[in-house]
S.K.: 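Take a look at the following structure, please.
Counting starts at 1 for both ligands and their atoms, following the listed order.
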Amino acid sequence: MTMNVSRRDVLRFTAGGAVGAMMTPAPWKALDDVAIWTQNWSWIPKPPKGPVTMRATACALCPAGCPVQARCIGGLPVSMHAASGGGLCPLGLTGHHLPYHPARVVRPLRLFHDGPGSRRIPVQIDAAVAAAAGAIRGAKASSRTVAVIDTRPGRSVSWGWQRFLATVPRGAYVPVPAREGSRFLSGVDLDSIRTIVSFRAPLAEEWGPPQLRKRLLDRLVNLIQIEPTHSPTAAVAGRWLAAQPGSEAALAMAIASQLHEGTAGPGEGMTPEIASALTGIPAETIAATAREIAQTGPALVVAEEGLGRAVDAAIVELNTLLGHSVVAQTDLLAPFAGEPIAPAHELEVIEDSSIALLLLDMSGGDAPFPWPLVRRKLAPKAIVIALSPFLAGTATHADYIVPTLPYLETLLEIPTPFDSTAARLTISAPLLPPRHAAVDPVQFLRAIARDLPGQWTKSEELMRARVSRIHERGEGNVGEKSVADFASADEMWEGLLAGTPWTGAAAAQTRVSVPHQGADERGAIDGGVVAVNAPLTLVIRTPRDVTASAAVSPVMTKLYRESGLRRSPEVAVVNPATARQLGLAAGRRAKLLIEGGALPVVIATDHAVMPGVVEMTAGPDAIALGERGARGRPGILDVVTADASGSWRTVAARLVEA
Ligand code: SF4
């Protein structure tokens with residue numbers, strides 16, 4: 001395939017995307033919207049006056065934790081910049097807009113879900129506490145589960161939840177699957193990698209922080225992209241394999257079988273010919289890809305989350321075969337040693353209809369996952385309580401919203417990101433005073449679990465306790481300064497507040513044992529073939545710049561709705577040939593039918609999408625974009641369910657006229 005787009009072009013677009021977009025007429029109109037907000041909404045700050053200063057902190061909008069400098073006028077941040085060059089992503093560049101977002105929750109709310117959207121009434125925090133405490137008592141009496149879904153695992157507050165759940169008979173702590181395929185990457189030295197085999201991971205678009213993307217793509221000798229659409233990442237790849245969605249595990253196994261040809265091992269029996277029949281890729285191309293990987297190593301295989309257990313297992317095996325595969329990342333120290341904590345659970349191992357109380361900790365951000373997977377686990381009359389700064393994203397499914405403070409108004413902790421081989425702790429210091437009353441997650445935890453041991457009562461106390469333990473151990477550095485050179489834990493805390501992360505020793509290269517594929521995974525691969533044979537296959541994209549935070553800046557409205565740079569969530573994109581076959585023209589309204597339900601969509605056509613595939617993007621919805629009073633229209637993550645292999649990014653689908 002001819003490639004007219006260079007890696008540098010893509011990097012230019014992604015790293016400086018929002019800045020570039022601000023220079024076009026469409027996003028400039030966003031300033032009009034901000035002006036309209038200011039005229040109609042008393043919360044918006046008046047244009048600040050005063051001295052210009054630069055203040056350092058860390059961006060807490062996604063787990064990457066980029067160091068940032070905020071240009072402030074009169075103490076108010078007016079623009080955000082990368083502290084170490086390389087740029088910020090569009091979400092980070094516009095992060096200072098978010099405290100003023102119309103979806104901001106300023107008091108506890110009770111939500112009633114009656115049809116599309118929900119009715120909301122303000123309540124006292126005691127009502128949410130009483131509902132949670134009552135549900136905990138009910139769960140104990142009826143042997144049901146109390147669960148916490150944590151969208152930013154690894155924080156000291158996460159430890160607090162795990163500590164609490166260890167005291168509840170059926171307590172389940174569920175960290176949301178990390179992004180950027182971190183389960184395949186933790187502890188891998190990305191700088192040593194020369195070839196990346198990517199199963200739908202958007203490496204050139206919004207995978208990890210911009211600096212990492214630039215560094216990686218500049219250094220790679222080869223990028224092999226396996227994806228059903230000719231995405232910007234596919235456009236810069238050395239090889240693009242448009243495998244039938246749902247056949248990725250077969251392809252990974254066939255590559256593995258070629259890599260250890262002649263010996264027993266992973267992928268045994270999956271010949272290029274068999275894989276070719278499943279993937280639609282010629283057998284010679286599969287064999288040539290395997291040779292290429294062997295010749296241009298060290299190679300690493302990465303994948304987008306949500307492709308299912310069969311793909312995960314095949315990729316872990318392939319990585320193991322490539323020799324440097326999955327290693328354990330050193331965990332950050334717990335705030336307090338020797339206390340029992342509940343282990344992490346995958347959501348799918350929790351019994352269906354068993355959760356009596358679900359706490360969604362979104363105080364650090366949001367994450368994209370299909371809500372029907374959660375709904376299936378809820379018992380009848382279960383209570384769902386979201387701790388979130390915004391009534392948007394996943395929080396819209398809750399029965400109660402407990403308002404927490406957003407990024408830039410509170411301390412937030414960013415644990416080791418996926419691309420670090422060493423343990424790392426970053427503190428995002430607030431640059432704005434809290435504008436509205438809010439509830440600290442740990443205070444809420446203490447209120448619903450009054451007999452929990454320990455004296456800690458606030459998130460900051462847990463963060464400081466962790467820092468004290470790191471200081472006591474004396475290992476690692478804060479920037480250039482050794483921990484041993486800090487006279488006290490308080491002095492080290494001050495160093496962290498300046499936006500400089502603590503970095504510990506590199507992880508021990510402990511290999512994680514990888515089970516060979518069992519019957520389940522084999523079955524899941526067969527399931528993929530069923531999906532291939534369905535009339536259409538839906539593939540779902542979840543761009544991080546609109547899903548890592550429940551609310552996004554109005555500048556994003558222009559990127560999504562008017563500039564055409566990104567797809568809106570109601571748009572279903574198909575190949576023109578597929579549209580012709582279905583009798584659907586671009587711009588027409590249609591209905592997408594999947595196992596989980598039906599969704600109204602607008603058809604768009606694009607030759608970049610392979611025939612037989614429908615591509616949809618999750619978020620941002622009207623609420624996330626700041627449309628005041630918008631009622632929640634269901635998005636794709638509100639209806640999609642996972643198949644038998646746990647895959648929700650590849651789904652059998654139909655498109656019919658609306
Ligand atoms: S990559 Fe994440 S941490 Fe970095 S600027 Fe973007 S949102 Fe912020």
S.K.: Strictly under 6.0 Å, is that where the ring centroids of Trp207 and Phe418 end up?
M.R.: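 Ring centroids of Trp207 and Phe418 are less than 6.0 Å from each other.
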
S.K.: If we only look closer than 2.8 Å, how many protein N, O or S atoms does atom 6 (Fe) of ligand 1 have near it?
M.R.: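 For atom 6 (Fe) of ligand 1, protein nitrogen, oxygen or sulfur atoms under 2.8 Å: 1.
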
S.K.: So that I can tick it off, tell me whether Arg567 and Asp606 are bridged by a salt bridge, with the cut-off set at under 4.0 angstrom between side-chain N and carboxylate O.
M.R.: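 Answer for the salt bridge query: yes.
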
S.K.: Roughly how far, to the nearest 0.5 Å, is CZ of Arg104 from NE2 of His101?
M.R.: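 The CZ atom of Arg104 is 11.5 Å from NE2 of His101, to the nearest 0.5 Å.
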
S.K.: Under a 4.0 Å threshold between the charged nitrogen and the carboxylate oxygen, would Arg152 count as salt-bridged to Asp361?
M.R.: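 So Asp361 does not pair with Arg152 through a salt bridge.
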
S.K.: Could you measure the distance from the OG atom of Ser198 to the CD atom of Glu304? Nearest 0.5 Å is fine.
M.R.: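 Ser198 atom OG to Glu304 atom CD measures 8.5 Å (nearest 0.5 Å).
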
S.K.: Check whether the side chains of Arg649 and Thr542 place a donor and an acceptor atom closer than 3.5 Å, and report yes or no.
M.R.: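 Judged by distance alone, the side chains do pair up.
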
